[in-house]
Amino acid sequence: MTTADQIKALLTSHAEGDSAQFYSIAMQIAAAEARMGRGKLAEELRALIDKAKAQHPASTAPIPLNRPRGELADLLSVSYPKTKIADMVLGPVATTKLARVIREHKSIRPIRNHGLAPRRKLLLVGKPGTGKTLAASALSGELGLPLFVVHLDALISKFMGATGAKLRLVFDAIAQTRAVYLSMSLTVSVRNAD
């Protein structure tokens, strides 16, 4: 019998657009039905899964997205970088950390099978010109995902409600599209009067 956890995992993988995980869970359900002596149902499920895979083959290339429209056009910009980690000059620590994130996302199925999830957030810190944007581009290129840049200067308004509404638009867009998102923070410096 299908468990509630399997149904939740099935819906979560569908919502995240992770077809490999979706098919894996569906096959687990079919196998559980076979173990319960429901061979005919198990075969029907397997046939449906095979048919779905044939109709919707998994692609490693990102699906081209339209440019953000409306208010989102001022808040987000999208690109499809071809940059790779090998194109960058990095120290050993940075290389190891970026390679680890890429490896986690490329082997998402085994990680999820152990009840874990790959890293979803990185904090890139440094002065202008140190390669934060290039690192995000390389992650995007390595994973075959679009790169969305969030423009904070267009997000912040003197009206609190307007800023909140714009922020909601950005979070809604993030929830709908698997991609690398780079938020460019505003730098504020304070000088003491001497």
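Hydrogens, waters and symmetry mates play no part in the numbers below; they use all other heavy atoms, side chains included.
Under the 4.5 Å side-chain heavy-atom criterion for grouping Ile, Leu, Val, Met, Phe, Trp and Tyr, Leu122 is not connected to Val125 through any hydrophobic cluster. Note: the hydrophobic cluster containing Leu90 also contains Leu143 (ILVMFWY, side chain heavy atoms under 4.5 Å, direct or indirect links). Note on Phe22: it does not cluster hydrophobically with Ile108, by side-chain heavy-atom contacts below 4.5 Å among ILVMFWY residues. Neither Leu41 nor Leu48 shares a network with the other; the hydrophobic side chains, linked directly or stepwise wherever heavy atoms of I, L, V, M, F, W or Y lie under 4.5 Å apart, form separate groups for each. Hydrophobic clustering of Ile, Leu, Val, Met, Phe, Trp and Tyr side chains at less than 4.5 Å, counting indirect connections, unites Ile25 with Ile49.
Ala138 and Met88 get closest at one heavy-atom pair: CB-SD, 3.6 Å. Heavy atoms only, all atoms of each residue included: Arg119 and Glu104 are closest at N-OE1, 2.9 Å. Shown here for Leu152 and Ser183, the closest heavy-atom pair between the two residues is CD1-OG, 3.5 Å. Val78 and Pro146 make their closest contact through CG2-CB, 3.9 Å (heavy atoms, listed as atom of the first residue, atom of the second, distance).
Expressed to the nearest 0.5 Å, how far CD1 of Ile102 lies from CD1 of Ile85 amounts to 4.0 Å. Atom NZ of Lys40 sits about 12.0 Å away from atom CG of Leu45, to the nearest 0.5 Å. In this structure, the separation between NE2 on His105 and CZ on Arg178 is 6.5 Å, given to the nearest 0.5 Å. Annotation: the span from Leu182 atom CG to Leu124 atom CG amounts to 7.0 Å, rounded to 0.5 Å. The distance from the CD atom of Glu142 to the CZ atom of Arg103 is 12.0 Å, given to the nearest 0.5 Å. Annotation: the span from Asp172 atom CG to Thr177 atom OG1 amounts to 11.0 Å, rounded to 0.5 Å.
Dense packing is recorded around NZ of Lys84, with more than 12 heavy atoms of other residues, nucleotides or ligands lying under 6.0 Å away. By the neighbour-count criterion of 12 heavy atoms within 6.0 Å, atom NZ of Lys132 is densely surrounded, having more than that number from other residues, nucleotides or ligands.
Side chain of Lys166 to backbone of Ala154: a donor-acceptor contact under 3.5 angstrom is found. When atom types are taken as modelled, the side chain of Thr130 and the backbone of Lys127 share a donor-acceptor pair closer than 3.5 angstrom.
Counting heavy atoms from C-beta on, the side chains of Val93 and Lys97 come closer than 4.5 Å. Side-chain atoms of Asn113 and Gln28, non-hydrogen and from C-beta on, do get closer than 4.5 Å to each other.
Between Glu43 and Arg46 a salt bridge is recorded (basic side-chain N to carboxylate O distance below 4.0 Å).
The side chain to side chain contact (heavy atoms under 4.5 Å, CB included) test with Pro81 singles out one residue from Leu147, Thr133, Leu145, and that residue is Leu147.
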Exercise. Should Val149 and Leu76 be marked as a side-chain contact (heavy atoms from CB on, under 4.5 Å) after you check the CA-CA gap, both sets of side-chain angles, and the distance that decides it?
Worked result: CA-CA 5 Å; Val149 177; Leu76 292 174; over 6 Å; no

